[in-house]
Amino acid sequence: MMNNLIKKMKILVATEKPFAAAAVNGIKDIVEKSGNTFALLENYTDKKQLLDAVADADALIIRSDKVTKEVLDAANNLKIVVRAGAGYDNVDLEAATAKGVVVMNTPGQNSNAVAELVFGLLVFAVRNFYNGKSGSELKGKKLGILAFGQVGRNVARVAKGFDMDVYAYDAFCPKEVIEQAGVKAVDNQEALFETCDIVSLHIPATAETKQSINYALCSKLKKGGIVINTARKEVINEDELIKLMEERTDLKYITDIAPDKNEEFAAKFAGRYFATPKKMGAQTAEANINAGLAAANQIVDFFKTGNKKFQVNK
Ligand code: 3PG
């Protein structure tokens, strides 16, 4: 009797880059078992499809999908958006807050997948993109981890398996925490670039970090230095990196997020530049299941108990 009085919530999964089928099935199961309604919009190609789909949604699960003011305005019933993943720079937090919409992420759920990709790309890079010529090994090389969050910590763990010498800098993480993880903490990002053979970026895209990986910083890299980016394209100052790579023909840039000037990088730096065709870091069945199911559980719990533990727009 009571149950009939409880409103069923419509929980929409809207993913331009779809989850693995097992993750979608798992989300559907959680939603339906909780007595709510499951809806799916994946592989969409047009913003209009998203605007139509959100019209009657109470909750939204997304990946890197852009939740702009326009999307929020089209979603009159919306109460919660969960970004199944770490970075939430794709959600207009101000607009969500203004509309009373709770925004959450699922921290840590896809970080192992991203960390593993770092090493997949690094082996490819130090072996000259498998062109048959003699390359080098990761063992004994100095790896600098910029930002020691969930992904950075997983990168450090895997790097030790490769017998790398691991360094890190994080503006918000105390040195002691970095050192407790068996990683050498340096004082600032300049020191990280100066010290290391390879620098792996794990900073979010914020007002402070956007364009921060620039000429001055990257020019501190040693001969043969590599910058690997599995974070966000916005943290790179693309014009300055192009200028530096023109001057320093020893440097490589490897990225999981194609820059706006992808074609220019590719044309100018053959053999020294590689970008995955689509962001692949979190694109594993395991990461999709971890992040997708966590998102569904967070939404169900939010509707049931009001739990806002992972809210990011407080
Ligand atoms: C994240 O912030 O969680 C990663 O960049 C993964 O993004 P994706 O879900 O779009 O693959």
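Everything numeric in this text was worked out from a predicted model, so none of it was measured. First listed ligand is number 1; within each ligand, the first listed atom is number 1.
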Which atoms of ligand 1 have any heavy atom of Gly87 under 4.0 Å away? 1 (C), 2 (O), 3 (O)
Is there a polar contact, in the sense of an N or O pair closer than 3.5 Å, between Ala231 and ligand 1? no
What is the distance from atom CD of Glu264 to atom CG of Leu241, rounded to the nearest 0.5 Å? 10.5 Å
Nearest heavy atom to atom 1 (C) of ligand 1: which of Arg83, Lys279, Lys17 does it belong to? Arg83
Numbering the atoms of ligand 1 from 1, which are under 4.0 Å from a heavy atom of Arg232? 1 (C), 2 (O), 5 (O)
Nearest 0.5 Å, what's the CG-CG distance between Leu60 and Asn77? 12.5 Å
In this structure, atom 10 (O) of ligand 1 is nearest to the protein heavy atom Ser64 OG, 2.4 Å
Within reach of ligand 1, part of Asn110 (heavy-atom separation under 4.0 Å): side chain
Looking at Asp29, Val300, Ile299, which one forms a side-chain contact (heavy atoms from CB on, under 4.5 Å) with Ser34? Val300
Can you list the ligand 1 atoms lying under 4.0 Å from a non-hydrogen atom of Gly85? 3 (O)
Just by modelled atom types, is the Lys261 backbone N or O under 3.5 Å from a matching donor or acceptor in the Glu238 side chain? yes
Just checking, Lys79 and Phe302: is the charged tip under 6.0 Å from the six-membered ring centre and within 45° of the axis? no
Ligand-side contact atoms (ligand 1) for residue partner Ala86, heavy atom cut-off under 4.0 Å: 1 (C), 2 (O), 3 (O)
Atoms of ligand 1, numbered as shown, that sit under 4.0 Å from any heavy atom of Ala282: 6 (C), 11 (O)
Establish, from distance only, whether the side-chain atoms of Asn290 and Glu286 form a donor-acceptor pair under 3.5 Å. no
Between Ser64 and Asn90, is there a side-chain donor-acceptor contact under 3.5 Å, judged purely by atom types and distance? no
